2 protein chains.
Amino acid sequence: MPSNRPDVAPEVKRQEIRSAARSLFFSEGFDKTSVARIARAAGVTPNTLYWYYAGKEQLFAAVVEELTALFFMGLENRDPQEPVRETLAWVIEAMDAAQPLIVTLHEKARTSDAIAAVHERFHTEVATLIGERLRARGVDEARMPAIIHIVSFSVEGLLMHELAPAERQAVIDEMAARLFV
Amino acid sequence: MPSNRPDVAPEVKRQEIRSAARSLFFSEGFDKTSVARIARAAGVTPNTLYWYYAGKEQLFAAVVEELTALFFMGLENRDPQEPVRETLAWVIEAMDAAQPLIVTLHEKARTSDAIAAVHERFHTEVATLIGERLRARGVDEARMPAIIHIVSFSVEGLLMHELAPAERQAVIDEMAARLFV
DNA sequence: ACCTGAACACCGTTCAAGT
DNA sequence: ACCTGAACACCGTTCAAGT
């Protein structure tokens, strides 16, 4: 057995660690996932993980960053003309699986700079996209920042609380009807 | 030095532990507050704490329960006729100090039954109160559940994200103008 | 540059023993 | 019923040593 494995490219191993972490964070949550468990799932020892990532929180930040990049790619590829309620429904569906991560994101953003930065960037990008939709529909420019907050808070709320599908849809409809006008 | 202190009434000591926990949860956050530190602040040993509370999470649930009871007392004592924006501003202000606890509440609600119950109860009571205000203003009954969700999600959002006072006020105004009609 | 075995300080919780 | 000292299993992280 080799004591180290330089046969595997470092970028690949970074990815393996990140994937193992994502999978476990999803299924078990951040707190209940130990660094040892992530390392085992990635086929390395715990201390090797620290060569690739500065710590558990930075690894979490990297996972979130990867997911948000994917999310924005999907969102930007959608037709900007589509009805608001359809876009919102897609957003909720796309982020639904990440529910436990979103809660953790807010928790850790309070104490970790790395995570606060990811969180901040996400809100900024979402705000820009909602802003474009509002502007296209002729919403009063001065009121837009407040409306953007209400929309993104409501989306976050939908993701953080278990609602029945019909209730969820009703919230989306009400947002489309009352806020995007 | 007495090995135990039956001189202090058990209800008092329970309260001492709860107060110490609340204070530390506020200033340090749930994760960074160790049981040992709570015990020290309350003047007991860690294992004594376990005689009064089943664990750290149950203690957290008790703290949240105490705070929500206070919050609802304050809220119910307000004039139901007052403008919506004033009530909302009061709500935000009253809960602002509890910001870190609110994030933790959502995090732990996913895995702890005790905390999920407190969280659930809070949302139900808030929904009832918002519902009364909406009904008084003649809002369409069928649309009320969705609007209630948007309002409570937005309040939660305001509490979980640092907004400048003016932005915060703008969000409140927009809610009053667009949702309570 | 990359990886390991072994250790470190700390955590929430438990338990046998006391009064 | 109430409280303690001492221990338990586990945690994230570090470090000296290897290749």
Side-chain angles (χ1 to χ4, degrees), chain A residues 1-18 20-22 24-25 27-64 104 107-108 110-115, chain B residues 1-18 20-22 24-25 27-64 104 107-108 110-115:
Chain A
M1 68 194 95
S3 56
N4 51 5
R5 299 186 304 159
D7 49 307
V8 180
E11 229 352 283
V12 171
K13 199 170 275 187
R14 264 182 81 90
Q15 179 63 51
E16 279 176 2
I17 293 170
R18 213 160 52 233
R22 171 172 39 79
L24 286 164
F25 288 156
S27 59
E28 311 289 333
F30 180 84
D31 283 346
K32 309 228 160 184
T33 301
S34 71
V35 170
R37 193 122 153 56
I38 297 169
R40 208 182 315 134
V44 298
T45 52
N47 26 20
T48 293
L49 188 149
Y50 283 86
W51 199 90
Y52 291 94
Y53 290 98
K56 194 186 180 186
E57 290 196 342
Q58 283 79 2
L59 177 52
F60 176 77
V63 166
V64 172
T104 306
E107 167 98 65
K108 304 300 175 195
R110 303 195 71 257
T111 49
S112 157
D113 287 344
I115 294 177
Chain B
M1 69 192 95
S3 57
N4 51 5
R5 299 186 303 159
D7 48 307
V8 180
E11 231 351 282
V12 172
K13 199 170 275 188
R14 263 182 82 90
Q15 179 63 51
E16 280 176 1
I17 293 170
R18 213 160 53 231
R22 170 172 40 78
L24 286 165
F25 287 157
S27 58
E28 311 289 332
F30 180 84
D31 283 347
K32 309 229 161 183
T33 302
S34 70
V35 171
R37 191 121 154 57
I38 298 169
R40 209 181 315 134
V44 298
T45 52
N47 26 21
T48 294
L49 189 150
Y50 283 87
W51 199 89
Y52 289 94
Y53 289 98
K56 195 185 179 187
E57 291 197 341
Q58 283 80 1
L59 177 52
F60 176 76
V63 167
V64 172
T104 306
E107 167 97 65
K108 305 299 174 197
R110 304 193 69 256
T111 49
S112 157
D113 287 347
I115 294 177

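Keep in mind that this is a model prediction, so the values were computed, not measured. Hydrogens, waters and symmetry mates play no part in the numbers below; they use all other heavy atoms, side chains included. Proteins get letters first, then strands, A, B, ... in listed order; numbering begins at 1 in each.
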Which atoms of nucleotides 6-9 of chain D (N or O only) lie under 3.5 Å from a protein N or O atom, and what are those distances?
residue	atom	partner	partner atom	Å
D/dA6	N6	B/Asn47	ND2	3.3

Residue pair A/Ala21 / A/Val63: nearest heavy atoms and the distance that separates them
CB-CG2, 4.1 Å
Could B/Arg14 and B/Glu11 be called an ion pair, given the rule that one side-chain N must be under 4.0 Å from one carboxylate O?
yes
If I take atom CZ in residue B/Arg14 and atom P in nucleotide D/dC3, what distance separates them, rounded to the nearest angstrom?
12 Å
Please pick, from C/dT13, C/dC3, D/dT13, the nucleotide with the shortest atom-to-atom distance to any side-chain atom of A/Val35.
D/dT13
I need the CZ-C1' distance between B/Arg37 and C/dT13, as an integer number of Å.
20 Å
Are any of A/Thr45's side-chain N or O atoms less than 4.0 Å away from OP1 or OP2 of C/dT4?
yes
Looking at the side chain of A/Ser34, which of D/dA1, D/dT14, D/dC11 is the nearest nucleotide?
D/dC11
Any chance you could measure B/Asp113, atom CG, to B/Gln58, atom CD, to the nearest 0.5 Å?
9.5 Å
How long is the line joining OH of A/Tyr50 and C1' of C/dT4, in whole Å?
15 Å
Side-chain donor-acceptor pair present, A/Arg18, A/Tyr53, cut-off under 3.5 Å
yes
How is the base pairing of DNA chain C summarised as a dot-bracket string, given the Watson-Crick and G-U wobble criteria with both distances under 3.5 Å, [ ] for crossing and | for another strand?
||.|||||...|||||.||
Please tell me which of B/Trp51 and A/Asp31 maps to the more 5' nucleotide of DNA chain D, matching each residue to the nucleotide holding its nearest heavy atom.
B/Trp51
Close side-chain approach of A/Ile17 and A/Leu59, heavy atoms under 4.5 Å
yes
Rounded to whole Å, please give me the gap between NZ in A/Lys32 and C1' in C/dC11.
14 Å
Check: A/Lys56 side chain, A/Thr33 main-chain N or O, donor-acceptor pair, under 3.5 Å:
yes
Close side-chain approach of A/Thr104 and B/Arg110, heavy atoms under 4.5 Å:
no
Can you identify which nucleotide, out of C/dC2, C/dT13, C/dC3, has its nearest atom closest to the A/Thr48 side chain?
C/dC3
How long is the line joining NZ of A/Lys13 and P of C/dC2, in whole Å?
9 Å
Which of B/Gln15, B/Glu16, B/Lys13 passes side chain to side chain contact (heavy atoms under 4.5 Å, CB included) with B/Tyr52? Answer is B/Lys13
In whole angstrom, what separates A/Leu49's CG from D/dT14's P?
12 Å
Gap between atoms CZ and P, on B/Phe30 and C/dC11 respectively (whole Å)
13 Å
Are B/Asp31 and A/Asp31 close enough that some pair of their side-chain heavy atoms sits under 4.5 Å apart?
yes
Let's see if you get this right: which residues in residues 52-62 of chain B place a heavy atom under 4.0 Å from DNA chain C?
B/Gly55, B/Lys56
If I take atom CZ from residue A/Arg37 and atom CG from residue A/Leu24, how far apart are they, to the nearest 0.5 angstrom?
5.0 Å
Can you classify the ring geometry of B/Phe30 versus B/Phe25 as parallel (below 30°), tilted (30 to 60°) or perpendicular (above 60°)?
tilted
Atom of B/Ala61, atom of B/Ile115 and distance for their closest heavy-atom approach:
CB-CG1, 4.0 Å
d(CZ, A/Arg40; C1', D/dC11) in whole Å:
13 Å
